[in-house]
Amino acid sequence: MSGRRRGARGLVTAGAVLGVLGTSPGVAGAAPGPAAHGGAVPLRVASYNIHAGAGTDNVFDLDRTAGELRALHADVIGLEEVDVHWDARSQWRDLAAELGRATRMHVYFAPIYDEDPATEGAPRRQYGVAVLSRFAFRSAENHDITRLSTQDPDPVPAPAPGFPEVVVKVRGVPVHVYVTHLDYRADPAVRRAQVADTRRIMAEDCGPTGHCPRQILVGDFNATPDAPELAPLWQDLLDAGPDASAGAAGYTYPALNPEKRIDFVTGSREAMSVRAVTVPDTLASDHRPVVADVTLRRG
């Protein structure tokens with residue numbers, strides 16, 4: 001995380017990181033990962049758009065969501081569409097904190113929107129993305145990227161928060177993890193700008209010689225892997241898949257009878273290899289999660 005950006009919104013000292021205290025750092029029931037061999041660092045990474053805790057039945061059921069997250073047995077999970085005291089649809093609850101406790105993982109919440117409370121004295125209404133991690137956060141930051149607000153009746157593209165970066169140490173190796181939720185509109189212009197912002201922010205963590213840390217980017221990209229606006233990402237990042245040969249079994253949206261893959265786990269092209277990737281068949285959200293077993297090279 002570049003020292004030039006320490007003043008950005010959402011630093012650890014702002015109180016957005018909630019460590020699950022008094023519990024084991026592992027996920028309850030997590031499957032043990034394979035042993036690291038020499039320069040290999042294994043990691044299970046997932047992305048899940050949780051639809052604010054509602055399934056394809058449009059019923060809010062956070063226990064169901066938590067159960068699906070535990071079943072992933074992931075080391076790090078990026079969550080999209082996370083409500084924190086946002087609306088009656090999620091019972092005004094803090095989904096980030098509750099899911100952190102339910103999975104026994106550390107959680108960092110990065111609001112996209114931060115609005116006044118509905119009633120005086122109530123918590124602020126927030127909506128955004130989050131990171132769940134079996135590893136403690138060494139640092140965390142909520143970056144701005146271009147957005148077209150859904151809360152403004154006459155929006156224009158402008159920088160707004162909701163692109164978190166956390167640093168965790170995995171078997172002694174620092175890993176930078178980013179979670180994103182790109183624009184959903186058919187016009188790709190905002191997504192194109194968001195991709196440019198993403199690459200710029202991730203590049204700021206690289207040294208003057210071009211050496212970059214181990215980087216993982218996950219999220220709901222709201223575009224398929226072959227979308228032209230995503231093409232610049234593939235210059236530096238490896239898409240964990242599943243690839244097209246998986247057919248519908250690799251699609252993530254909609255969860256019921258999925259038609260396309262718009263949810264991703266990606267990582268440093270020169271430092272990450274993919275051992276396995278799956279898309280669990282679940283109706284706990286309107287998206288299916290994607291889970292990748294990857295190996296990161298040391299050095």
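With hydrogens and angles left out, the side-chain atoms of D197 and T146 include a donor and acceptor closer than 3.5 Å. If you check the side chains of E165 and H176, you find a donor sitting under 3.5 Å from an acceptor. With no hydrogens or angles considered, no side-chain donor-acceptor pair links Q126 and R124 at under 3.5 Å.
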task: Begin with the C-alpha distance, continue with both residues' side-chain angles, and end with the deciding distance and a verdict on side chain to side chain contact (heavy atoms under 4.5 Å, CB included) for Y251 and N257.
output: CA-CA 9 Å; Y251 295 162; N257 302 320; over 6 Å; no
Side chain to side chain contact (heavy atoms under 4.5 Å, CB included) between R199 and Q235, worked out: CA-CA 10 Å; R199 297 188 70 221; Q235 297 178 38; 3.4 Å; yes
- request: Give the intermediate values and the outcome of side chain to side chain contact (heavy atoms under 4.5 Å, CB included) for residues L132 and Y48.
  value: CA-CA 11 Å; L132 293 172; Y48 196 14; over 6 Å; no
message: Using side chain to side chain contact (heavy atoms under 4.5 Å, CB included), reason through R134 and V168 one step at a time and then give a plain yes or no.
response: CA-CA 9 Å; R134 188 167 62 85; V168 297; over 6 Å; no
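The closest side-chain heavy-atom distance from F60 to D83 is not below 4.5 Å. In this structure the side chain of D220 never reaches within 4.5 angstrom of the side chain of Y184, judged on heavy atoms. Contact check for Y108 versus N142: side-chain heavy atoms found under the 4.5 Å cut-off. Annotation: side chain of W86 is in contact with side chain of E115 (closest heavy-atom distance under 4.5 Å). Between L79 and L69, some side-chain heavy-atom pair lies under the 4.5 Å cut-off. Annotation: side chain of R147 is not in contact with side chain of V190 (no heavy-atom distance under 4.5 Å). The shortest distance between side-chain heavy atoms of L99 and F109 does not fall below 4.5 Å. The shortest side-chain heavy-atom distance between H181 and N222 falls under the 4.5 Å cut-off.
Q194 contributes a side-chain N or O that, together with a main-chain N or O of D183, makes up a donor-acceptor pair within less than 3.5 Å. Of the possible polar contacts, none joining the S133 side chain to the V76 backbone as a donor-acceptor pair under 3.5 Å is found. Side-chain N or O atoms of Y127 include none that pairs as donor or acceptor with a backbone N or O of A52 at under 3.5 Å. The backbone N or O of N49 lies less than 3.5 Å from no partner atom in the side chain of D263, so there is not a single donor-acceptor pair. In this structure, E68 contributes its side chain and T282 its backbone to no donor-acceptor pair below 3.5 Å. Side-chain atoms of T266 do not come within 3.5 Å of backbone N or O of D239 as any donor-acceptor pair.
Exactly one of L238, L296, T295 qualifies for a side chain to side chain contact (heavy atoms under 4.5 Å, CB included) with S273. That residue is T295. Screening V82, D286, T56 against H51 for a side chain to side chain contact (heavy atoms under 4.5 Å, CB included) leaves a single residue, D286.
Partners of E120 according to the side chain to side chain contact (heavy atoms under 4.5 Å, CB included) rule, which considers only residues two or more places apart in sequence or in another chain, do not exist here. With sequence neighbours left out, the side chain to side chain donor-acceptor pair (under 3.5 Å) criterion links R214 to no other residue.
Among all heavy-atom pairs drawn from P164 and A110, the shortest one is CB-CB, 3.6 Å. Here the shortest heavy-atom pairing between A223 and A227 reads CB-CB, 3.8 Å. Scanning both residues, A54 and R64, for their nearest heavy atoms gives C-NH2, 4.3 Å. Scanning all heavy atoms of the two residues, the minimum distance from F221 to L182 falls at O-CB, 3.4 Å. Between A46 and L72 the shortest heavy-atom distance is CB-CD1, 4.0 Å. Looking at every heavy atom in both residues, L237 comes nearest to R269 through O-NH2, 3.0 Å.
Stacking of R261 on the aromatic ring of F264 is recorded, both the 6.0 Å distance cut-off and the 45° axial limit being met.
Classification of the F137-H106 ring pair by plane angle, with boundaries at 30° and 60°, yields perpendicular.
A salt bridge does not link R44 with D75: none of the charged nitrogens is closer than 4.0 Å to a carboxylate oxygen.
No continuous path of ILVMFWY side-chain contacts below 4.5 Å connects I50 to Y253, so the two sit in separate hydrophobic clusters. In the hydrophobic clustering of this structure, I262 does not group with I145; members are Ile, Leu, Val, Met, Phe, Trp, Tyr whose side-chain heavy atoms approach within less than 4.5 Å, directly or through other members.
If you take CG on L148 and CZ on R185, they are separated by 4.0 Å, rounding to the nearest 0.5 Å. Separating the OH atom in Y178 from the CG atom in D205 is a distance of 4.0 Å, to the nearest 0.5 Å. The CD atom of E98 sits 8.5 Å away from atom CD of Q91, with the distance rounded to the nearest 0.5 Å. In this structure, the separation between CG on D281 and CG on L256 is 9.0 Å, given to the nearest 0.5 Å.
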